[in-house]
**Student:** 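Following this message is one structure expressed as structure tokens.
Atoms within each ligand, like the ligands themselves, are counted from 1 in listed order. Bear in mind the structure is a predicted one, so any value in this text is a computation, not a measurement.
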Amino acid sequence: MIKKVLVANRGEIAVRIMRSCREMGIKTVGVFSEADRSSMHVRYADEAYFIGPSPSAESYLRMDRILEVAKKSGADAIHPGYGFLSENASFSALCQKEGIIFIGPDPYAIETMGDKITARKSMIAANVPVVPGTTEPITDLKKAVEVIKEIGLPVMIKASAGGGGKGMRLVKEESKIIDAVSAARSEAKAAFGDDAVYIEKYIASPHHIEFQILGDKHGNVVHLFERECSVQRRHQKVVEETPSPIMTPEVRAQMGEAAVAAAKAVNYHGAGTIEFIVDDNLNYYFLEMNTRLQVEHPITERVVGVDLVKQQINIANGLPLKFKQEDLKQSGHAIEVRIYAEDSDNNFMPSPGTIKHITEPLGLGVRHDGYAYEGYEIPMYYDPMISKLIVWGETREEAIARLKRALYNYKITGVKTSIPYLHRILEVPAFVEGRYNTHFIEENQQYLQPRRHCSGRCEDVAAITAFFDYLTKLEKLQPAVPSKELGSSWKDFGRKRSILRL
Ligand code: ADP
């Protein structure tokens with residue numbers, strides 16, 4: 001049984017994994033780069049080791065150094081978190097070779113699902129619906145034009161090795177095909193060192209809905225229902241919720257079965273996510289599988305009542321799943337928002353710097369997965385996400401109201417954050433009504449623009465203006481107001497707020 005876990009990651013996810021380890025009585029080993037010397041995950045770990053300079057290629061991506069620390073510290077397992085080495089088949093293989101348990105799937109599953117063309121082929125073989133398109137890489141530009149005409153415009157050109165929206169191009173006109181294919185290929189080459197691209201029919205009004213799965217080493221696979229992730233900016237998720245507001249029990253059951261079949265097709269063990277693209281008529285198509293823990297996993301944990309990290313560790317220990325599909329239920333509604341150190345009022349410019357003050361929201365149904373503290377300097381080398389705020393409510397309405405309240409209680413100074421932007425998203429009618437797809441952000445720009453003149457403090461400005469109006473009125477009625485009475489006018493102001501209709 002695993003007794004000591006090295007967490008090969010940083011930030012909120014490293015802390016989150018260590019929390020579950022601590023509850024299981026498992027010791028933790030942290031690793032850190034130069035920029036992360038004083039990071040929370042270093043303080044939280046039972047022991048922590050320096051692994052190299054700040055750029056991740058010289059630290060968090062150095063398999064040799066991480067394995068060396070694992071051996072030196074006596075860790076019997078490595079949890080990769082998300083990002084970095086989490087979907088690196090060679091790292092999973094190397095851990096196996098060195099006799100260290102990789103808390104994640106085996107190299108075969110990572111490799112098959114990591115290459116989108118290979119994944120599409122295995123899904124077709126497993127009868128899981130995929131977006132209509134090609135199953136071979138496109139190298140010949142003339143051939144690309146022919147194939148695209150056959151599929152019918154618009155189409156998506158996508159990098160087989162793709163991730164994070166890179167190497168992806170939407171093509172609407174025939175005259176743009178060649179440029180788009182060439183651009184996607186060179187972007188893919190630069191980002192992933194592999195220029196293989198393929199073509200998919202563009203799904204109009206798409207919803208991004210993904211299913212969480214868990215598989216053990218004995219062939220049992222269950223799904224833990226869906227997460228709706230259609231609120232995206234530049235193909236990156238901003239808000240996630242479960243259940244999906246558009247889901248029906250019938251489609252949920254069918255998609256859940258397809259997700260389980262997808263995982264079984266690659267003998268998957270561990271926690272994984274099957275992403276689907278869903279159209280307005282609830283036709284669904286396999287998009288890709290993420291063979292790791294997702295950023296948005298806490299909403300599933302809250303609604304299904306399962307600690308996914310503990311499950312990952314149990315599976316890595318070779319234990320069979322303790323529950324069957326029929327034991328799992330969704331209860332209530334959960335929403336997650338990602339808080340970034342960025343200036344959402346200024347073209348989402350990253351805002352690294354020192355956190356001067358932080359007050360995290362508390363209260364019933366609120367979970368805060370973060371790692372920042374007062375005096376902490378957010379490094380410029382990594383993803384600028386500071387934390388994730390997750391709320392739960394009995395209903396979607398309650399969850400939204402709770403999220404608004406929690407965001408209002410969340411104060412961070414020293415760096416700019418995406419909190420004002422998230423406030424605005426929660427006010428958009430299409431979000432409130434649960435009628436949104438992946439075009440939500442571009443279609444609702446009128447609600448999402450910064451309120452320039454009062455920078456998110458409109459209520460205060462309105463109250464102060466009204467107070468001075470009130471004083472002016474008082475002065476007009478009683479030209480010589482004695483100072484004593486003027487002092488008590490704050491009290492009056494409070495009492496007369498409703499009369500003044502602020
Ligand atoms: P990546 O791995 O780079 O994130 P995905 O395949 O997961 O790429 O796609 C990211 C997002 O791009 C999806 O959530 C969806 O919004 C959009 N997208 C991808 N493929 C299609 C498609 N065929 N039609 C419409 N939108 C798509």
Side-chain angles (χ1 to χ4, degrees), residues 82-83 86-88 110 112-121 123-124 128-135 137-138 147-148 151-172 177 180-181 183-185 187-212 226-241 244 246 255 259 262 272-292 294-296 338 383 436-444:
Y82 53 67
S86 62
E87 291 182 287
N88 187 313
I110 302 180
T112 312
M113 288 303 193
D115 182 86
K116 293 188 181 188
I117 295 177
T118 319
R120 275 168 72 76
K121 284 186 188 160
M123 292 305 103
I124 294 167
V128 175
V130 300
V131 185
T134 58
T135 45
I138 297 290
V147 173
I148 291 175
I151 297 172
L153 288 164
V155 296
M156 286 293 247
I157 318 277
K158 295 171 79 170
S160 192
K166 291 205 182 85
M168 195 151 68
R169 287 283 184 289
L170 166 63
V171 192
K172 292 182 179 161
I177 296 176
V181 174
R185 285 181 64 183
E187 195 174 302
K189 180 87 187 163
F192 315 110
D194 174 1
D195 67 355
V197 295
Y198 65 103
I199 295 159
E200 265 182 15
K201 175 100 193 114
Y202 178 73
I203 306 294
S205 321
H207 295 260
H208 175 120
I209 300 180
E210 57 185 35
F211 272 68
Q212 175 70 51
E226 80 278 14
R227 291 184 287 258
E228 167 75 62
C229 309
S230 298
V231 178
Q232 299 182 351
R233 213 187 123 254
R234 301 200 180 140
H235 302 304
Q236 294 300 304
K237 299 159 190 167
V238 181
V239 180
E240 302 99 353
E241 63 177 315
S244 162
I246 63 160
M255 288 178 74
T273 293
I274 313 288
E275 296 188 343
F276 292 98
I277 193 155
V278 182
D279 70 17
D280 278 340
N281 298 320
L282 296 191
N283 296 307
Y284 56 90
Y285 309 93
F286 170 86
L287 201 56
E288 66 168 339
M289 179 173 192
N290 291 324
T291 54
R292 53 165 167 84
Q294 297 276 94
V295 175
E296 58 274 21
R338 303 180 184 197
D383 185 86
Y436 63 86
N437 57 42
T438 58
H439 303 310
F440 171 79
I441 287 191
E442 59 188 90
E443 284 174 357
N444 287 285

**Student:** Could you check atom 17 (C) of ligand 1 against the protein and tell me its nearest heavy-atom contact, residue, atom and distance included?
**Tutor:** His235 ND1, 3.8 Å
**Student:** Within the 4.0 Å heavy-atom shell around Glu275, which atoms of ligand 1 are there?
**Tutor:** 7 (O)
**Student:** Among all protein non-hydrogen atoms, which one is nearest to atom 14 (O) of ligand 1, and what is the separation to 0.1 Å?
**Tutor:** His208 ND1, 2.8 Å
**Student:** Are Met255 and Leu282 side-chain neighbours, meaning at least one heavy-atom pair lies under 4.5 Å?
**Tutor:** no
**Student:** Quick check for you: to the nearest 0.5 Å, what is the distance between Glu275 atom CD and Glu288 atom CD?
**Tutor:** 4.5 Å
**Student:** If hydrogens are left out, which of Met168, Met156, Gln232 has an atom nearest to atom 10 (C) of ligand 1, that is, the closest non-hydrogen atom?
**Tutor:** Met168
**Student:** Please state which protein non-hydrogen atom is closest to atom 3 (O) of ligand 1 and give its distance, to 0.1 Å?
**Tutor:** Gly165 N, 2.6 Å
**Student:** Regarding ligand 1, does Val131 bring an N or O atom to under 3.5 Å of one of the ligand's N or O atoms?
**Tutor:** no
**Student:** Determine, using heavy atoms of Lys237 and all atoms of ligand 1, whether some pair is separated by less than 4.0 Å.
**Tutor:** no
**Student:** Identify the protein heavy atom lying closest to atom 20 (N) of ligand 1, giving its residue, its atom name and the separation to 0.1 Å.
**Tutor:** Lys158 NZ, 2.9 Å
**Student:** Shortest non-hydrogen contact from Ile274 to Ala262?
**Tutor:** CD1-CB, 3.8 Å
**Student:** Give the residue, atom name and distance (to 0.1 Å) of the protein heavy atom nearest atom 24 (N) of ligand 1.
**Tutor:** Ile203 N, 2.9 Å
**Student:** Any idea which protein heavy atom is nearest atom 5 (P) of ligand 1, and the distance to it?
**Tutor:** Lys116 NZ, 3.7 Å
**Student:** What residue and heavy atom of the protein are closest to atom 7 (O) of ligand 1, and at what distance?
**Tutor:** Glu288 OE2, 2.9 Å
**Student:** Counting non-hydrogen protein atoms only, what is the nearest one to atom 21 (C) of ligand 1? Give residue, atom name and distance.
**Tutor:** Ile277 CD1, 3.5 Å
**Student:** Taking it one step at a time, do Arg227 and Glu240 satisfy salt bridge (Lys or Arg N to Asp or Glu O under 4.0 Å)?
**Tutor:** CA-CA 7 Å; Arg227 291 184 287 258; Glu240 302 99 353; over 6 Å; no
**Student:** Among Asp279, Asn437, Thr438, exactly one meets side-chain contact (heavy atoms from CB on, under 4.5 Å) together with His207. Which residue is that?
**Tutor:** Asn437
**Student:** Give a yes/no on ligand 1: does Lys201 have at least one heavy atom closer than 4.0 angstrom to it?
**Tutor:** yes
**Student:** Is it the case that Arg234 and Gln232 place a side-chain donor and acceptor less than 3.5 Å from each other?
**Tutor:** no
